[in-house]
Amino acid sequence: MKAVTAQASGRAALMQRDDIDTDAIFPGRFLRLVQRDGMGAHLFADWRAEGRPEVAFMQRQDPPRLLVASQNFGCGSSREHAVWALADYGVQAVLALSFGDIFRNNCVKNGVVAAVVAPADHARLLQALVAAPDGELRLDVATSTLHLSDGGTLPVVLAAGHAEQLLSSEDEVDRTLRHEAALRAHEERVRQQQPWLASLG
Amino acid sequence: MTTLFDKIWAAHAVARNEAGDDLVYIDRHLVQEVSSPQAFASMKASGHVLRSAARHIAVQDHNVPTTADRLTHIASPESAEQIATLRRNTQATGMRLLDLDHPLQGIVHVIAPELGYVLPGSTVVCGDSHSATLGALGALAWGIGTSEVAHVMSTQSLWMRKPRTLGIEISGALGPGVYAKDLALALIHHTGTSGGAGYGTEYVGPTVSGLSMEARMTLCNMTIEAGSRFGLVAPDATTVAYLRERVQGAAREHFEQAVQAWAALRTDDPADFDRRVVFDAASVSPRVTWGTMPSDSAVFSGRVGDGAAPADEAERRRLEASLAYMGLQSGQALSSVPIDVVFIGSCTNGRLEDLRAAAAVAHGRRVASGVRALVVPGSGSVKRAAEAEGLAQVFLDAGFEWREPGCSMCIGMNGDSLAPGQRSASTSNRNFENRQGQGGRTHLMSPAAAAASAVRGKLTDPREFLS
């Protein structure tokens, strides 16, 4: 059984910079850790040490539950540590104009909602956040709808299948292993038709 | 009528779910010490087991020191622990490990092709974004996260939505002193860092056919820097010749049959791609990055900022922050920028051909005073070959350090890293802030350009040293 993520709600922080890479989200030197708990301590560690404006929101005690980012958030390295750190810090959803592909996949595996917002809706979202910086947002996964603190709503787009994954309590490996017969049939077919692929050297 | 990408995908999709994702069979899984500990732990915690040990191979690369005493001494206790954890996990599960003392140890994306482990038409994954490198052999190869590593270990498959296909058609000859790395930097400059997001990229056209296997790997390696998880080149005579010497086991036994089947592995018509980009390689000159994204590059005779006005306010702010980080002024001549450190290596440019290109420039010359220059071979095989043909001696005579194989200063986890404010000429793949060490400043370029920059002590076009 895994946790179900039906919604993300709370205050949002704004990161208005394109191409925030996973090296920035989770600096390389902390990749030496062999566990996955407690990674939030290293979230944006270098940017925090440099006092960068992008992470000014981290000076507050209460973490934002949503991050509103810009283009290509989470590009670069495949390190899932970036998502573990965001989740451990308390972020339940990231809203952006676009995402790095691997990062977006890593999000859904950890119950973090990665939602794309269309440019016009993004502008409307920024407007709402400027008007009420501490206002509560609510992202509803089942309907892919973002509820703004002023009562308005915006559509968001999850990657295909991500809503189902977030709303399912079933372990993904268990679900896949139900297809064991198909996997075995494939292996047998390869053994017959592509024997060069069937085993390692 | 379909693309190479579609053909390999169709041959591996064994089921489809209600959401429209395919269950893709994974032929080969490469494991390294950084992205795997939590995957092994979650597999154990959930009671799942390694489904098919023979389809996985593990190697330590990110954390391994490049010093000669590394078998007896690893300075970082955390690195030592991560290396030992992979050793324990592979022993417990029966997965093959090329341990630190193995003569074939090296960077996972360098050793996998050397072992004949990656075959045309196969699927290959690894918990590392530069797995796209291996698409050079006509395989679907891509980077995955740790949860997916655990899923592959227990099920030998992954649920995925098929991406759209992008065909990059390259024609025109690369000039002397211009390499696959320059082509990759030029393409990323052209398409942007997210231009390939959501696409599987195939490189086609006469220029690609003319590239060596190693150059194709460099080109595919950088595909992820344009946002695409897959870089792909159709197998041809070059691929077959490369593999013939290297394949083992079943692939060696059935090699001729395989070669016949691989002939069908091609995109039938460029019109089959969802999107096409046409590119002229003859227009490419040696390139160097000046900012903190791989797309921020210019020719060596160019200027910081590349002279182009930022597209919008967000981009203007990004460039401002980027140049502040890099300690550069917009409009400054790139050839005037002095460097402190040179790094030649990584899964992008740590292969034998790369070291040959760098040695051709270093031969009979000296590293400029005050510059530290490291050459880190991508694998034990590359190291021995480079020593046998005299390249190592060329580097040593010129004042370069000659190190043991590993990822080294590309990611800076193993003790090799830049100090704050230090500026490097690097053959690696990412110039992100803090990537090569906290506060380090990275300029990406080809191995020949890195060697030229080492000799001059400034960012230098390699053609100045090639006659």
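Quantities reported herein were computed from a predicted structural model and do not represent experimental measurements. So you know, we letter chains A, B, ... as the sequences are listed, proteins then strands, and number each from 1.
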Carboxylate-amine/guanidinium contact A:Asp23 B:Arg435, below 4.0 Å:
yes
Could you look at B:Ser76 and say if it's the side chain, the backbone, both or neither that has a heavy atom under 4.5 Å from chain A?
side chain
Engaged part of A:Arg191 at the chain B interface, taking heavy atoms whose separation is under 4.5 Å:
neither
Scored by heavy-atom pairs under 4.5 Å with chain A, the best of B:Arg161, B:Arg317, B:Met293, B:Gln438 is B:Gln438
Between A:Gln16, A:Arg189, A:Gln165, A:Gln194, which has the largest tally of heavy atom pairs under 4.5 Å with chain B?
A:Gln16
Under 4.5 Å from any heavy atom of chain A - which part of B:Met413
both
Heavy-atom closest contact (B:Gln257 atom, A:Pro195 atom, distance):
OE1-CG, 3.7 Å
Of the listed B:Gly145, B:Ala258, B:Pro37, the one with the largest count of heavy-atom pairs under 4.5 Å with chain A is B:Ala258
B:Ser154 OG to A:Asp171 CG distance, which is reported to the nearest 0.5 Å:
8.5 Å
Could you pull out the closest heavy-atom pair between B:Ser122 and A:Leu197, with the gap in Å?
CB-CD2, 3.5 Å
Picking from B:Gly412, B:Gly198, B:Gly127, which has the most non-hydrogen pairs under 4.5 angstrom with chain A?
B:Gly198
Sort B:His48 into side chain, backbone, both or neither according to what part of it lies under 4.5 angstrom from a heavy atom of chain A.
side chain
Can A:Leu31 and B:His62 be said to form a side chain to side chain contact (heavy atoms under 4.5 Å, CB included), step by step?
CA-CA 10 Å; A:Leu31 293 175; B:His62 286 61; 5.8 Å; no
Do B:Asn63 and A:Arg32 touch side chain to side chain, with heavy atoms closer than 4.5 Å?
yes
Using a cut-off of under 4.5 Å on heavy-atom pairs, state which of B:Gly20, B:Ala314, B:Ser79, B:Ser35 scores highest against chain A.
B:Ser79
Is A:Ser77 close to chain B through its backbone or its side chain, or both, or neither, when contacts mean heavy atoms under 4.5 Å?
both
Rounded to the nearest 0.5 Å, what's the gap from CZ on A:Arg79 to OG on B:Ser129? Could you check?
8.5 Å
Could you have a look at B:Leu23, B:Thr85, B:Thr292 and say which one has the most heavy-atom pairs with chain A under 4.5 angstrom?
B:Leu23
Checking A:Asp19 against chain B: side chain, backbone, both or neither under 4.5 Å from a heavy atom?
both
Turns out that what part of B:Ala11 lies under 4.5 Å from chain A's heavy atoms comes down to backbone
Contact origin within B:Val247 toward chain A - heavy atom pairs under 4.5 Å
neither
Would you call A:Val173 and B:Ser46 a side-chain contact if the rule is heavy atoms closer than 4.5 Å?
no
Count the heavy atoms belonging to other residues, nucleotides or ligands that lie under 6.0 Å from CD of B:Glu313, then report whether that count exceeds 12.
yes
B:Arg229/A:Ile102 under side chain to side chain contact (heavy atoms under 4.5 Å, CB included): CA gap, chis, key distance, verdict:
CA-CA 8 Å; B:Arg229 291 171 81 177; A:Ile102 306 177; 3.3 Å; yes
Under 4.5 Å heavy-atom distance to chain A, tell me which part of B:Ser42 shows up: side chain, backbone, both or neither.
side chain
Okay, B:Ile83 and chain A: the region with an atom under 4.5 Å from a heavy atom over there is neither
How about A:Ser78 and B:Asp128: does a side-chain donor come under 3.5 Å of a side-chain acceptor?
no
Atom group of A:Arg36 that falls short of 4.5 Å from chain B, counting heavy atoms
both
Does a donor on one side chain and an acceptor on the other come within less than 3.5 Å for A:Glu80 and B:Ser147?
yes
For the CD atom of A:Glu180 and the OG1 atom of B:Thr155, what is their distance to the nearest 0.5 Å?
9.0 Å
Part of B:Asn429 within contact of chain A (heavy atom distance under 4.5 Å):
neither
Interface moiety of A:His162 toward chain B, non-hydrogen atoms closer than 4.5 Å:
neither
Using the rule given for side chain to side chain contact (heavy atoms under 4.5 Å, CB included), can you reason through A:Glu187 versus B:Arg55, listing the C-alpha separation, both sets of side-chain angles and the distance that settles it, and then say yes or no?
CA-CA 12 Å; A:Glu187 285 165 347; B:Arg55 288 182 169 86; 4.0 Å; yes
Look at the side chain of B:Gln38 and the backbone N and O of A:Leu33, then say whether any donor-acceptor pair between them is shorter than 3.5 Å.
yes
If you take all heavy atoms of A:Gly76 and B:Arg430, which pair is closest and at what distance?
C-NH2, 3.1 Å
B:Glu78 CD to A:Phe30 CZ distance, which is reported to the nearest 0.5 Å:
9.0 Å
Considering all heavy atoms, the nearest A:Asp18-B:Arg318 contact:
O-CD, 4.2 Å
Could you go through A:Trp84 and B:Thr146, starting from their C-alpha distance and side-chain angles, then the distance that decides it, and tell me whether this counts as side chain to side chain contact (heavy atoms under 4.5 Å, CB included)?
CA-CA 11 Å; A:Trp84 298 334; B:Thr146 297; 3.8 Å; yes
Which portion of A:Arg175 sits near chain B, non-hydrogen atoms under 4.5 angstrom:
side chain
Identify whether the distance between the nearest side-chain nitrogen and carboxylate oxygen of A:Arg52 and B:Glu433 falls below 4.0 Å.
yes
Min side-chain heavy-atom separation B:Arg51-A:Leu183 under 4.5 Å
yes
Any side-chain heavy atom of B:His151 sitting closer than 4.5 Å to one from A:Thr176?
yes
Atom CD of B:Glu148 and atom CG of A:Asn106: how far apart are they, to the nearest 0.5 Å?
6.5 Å
Are B:Arg252 and A:Trp196 in a cation-pi setup, meaning NZ or CZ lies under 6.0 angstrom from the ring centre and within 45 degrees of the ring axis?
no
Chain B contact via A:Glu50 - side chain, backbone, both or neither, heavy atoms under 4.5 Å:
side chain
Return the minimal non-hydrogen interatomic distance between B:Gly227 and A:Asp101, and the atom names on each side.
O-OD2, 3.9 Å
Once you measure the plane-to-plane angle for A:His186 and B:His12, does it fall in the parallel (<30°), tilted (30-60°) or perpendicular (>60°) bin?
tilted
Using non-hydrogen atoms and a 4.5 Å limit, figure out which bit of A:Pro27 sits close to chain B: side chain, backbone, both or neither.
neither
What part of A:Ala160 gets within 4.5 angstrom of chain B, counting heavy atoms only: side chain, backbone, both, or neither?
both
Would you say B:Thr193 and A:Gln71 make side-chain contact, with heavy atoms under 4.5 Å?
no
Using non-hydrogen atoms only, which part of B:Trp159 is less than 4.5 Å away from chain A: side chain, backbone, both, or neither?
side chain
Side-chain heavy atoms of B:Phe432 within contact of A:Thr22, under 4.5 Å:
no
